[in-house]
Amino acid sequence: DAGVIQSPRHEVTEMGQEVTLRCKPISGHNSLFWYRQTMMRGLELLIYFNNNVPIDDSGMPEDRFSAKMPNASFSTLKIQPSEPRDSAVYFCASTRGGEKLFFGSGTQLSVL
Amino acid sequence: GQSLEQPSEVTAVEGAIVQINCTYQTSGFYGLSWYQQHDGGAPTFLSYNALDGLEETGRFSSFLSRSDSYGYLLLQELQMKDSASYFCAGAIDYKLSFGAGTTVTVRA
């Protein structure tokens, strides 16, 4: 199994630009999570999907952030417009259920 | 809400034993998980305790006491490759919340 696949690995953009992060979960996993990691705030849950449906987006910082999961094998996290404070590592994780989350390699986002 | 507290860093020598404690404050909480993250890498699952007691997986063991809202991760026979950050995580339903992490540095 290829594991959770995220792209791009690194993204450098200018303030105000739109950023789209992509995630392919492990086949057969029905739950998908987007996390953000910073030194100051640690690992924060942004949004959770179950069977492609957003269940809880209370962790999304503000309206500039949106996430979609059009099918079981693909999800996106979009930031529009981006701001320097959005700079972080964004992880996607999936699970078949239970406590074992499988994380992707993450996207290192730098907003200048 | 959920709050998990763990020490920020621990340093030990190769071959030593390290215990990382985790205390949590939450209601409706079930189970405690542990994840390892090497610098620049992704968190990887180490263990999960749903019930009180000790779970052993090779050199790593994890313990949970729900009555004390406390758990720990025990790293035995430390190796240089064990230098990493270790996170305890607790779940209510689907929401897995992570502690701030403990950086373990293994010295030769």
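Since this is a predicted model, take the numbers as computed values, not measurements. Heavy-atom basis, side chains included; hydrogens, waters and symmetry copies ignored. Chain naming here is simple, since letters A, B, ... match the order of the sequence lines and numbering starts at 1 in each.
Leu45(A) touches chain B through its side chain: at least one heavy atom from C-beta onward sits under 4.5 Å away, while N, CA, C and O do not.
Taking a cutoff of 4.0 Å between a charged side-chain nitrogen and a carboxylate oxygen, Glu14(B) and Arg107(B) do not qualify as a salt bridge. Using a 4.0 Å cut-off between charged side-chain N and carboxylate O, Glu77(B) and Arg59(B) make no salt bridge.
Heavy-atom pairs under 4.5 Å with chain B were tallied for Tyr35(A), Phe102(A), Phe103(A), Phe91(A); the largest tally goes to Phe103(A). Taking chain B as the reference chain and counting heavy-atom pairs below 4.5 Å, the highest number among Gln37(A), Lys100(A), Gln108(A), Arg41(A) is found for Lys100(A).
Atom CD of Gln79(B) sits in a crowded spot, with more than 12 heavy atoms from other residues, nucleotides or ligands closer than 6.0 Å.
No close placement of the Phe87(B) and Tyr35(B) rings is indicated, their centers lying 6.0 Å or farther apart.
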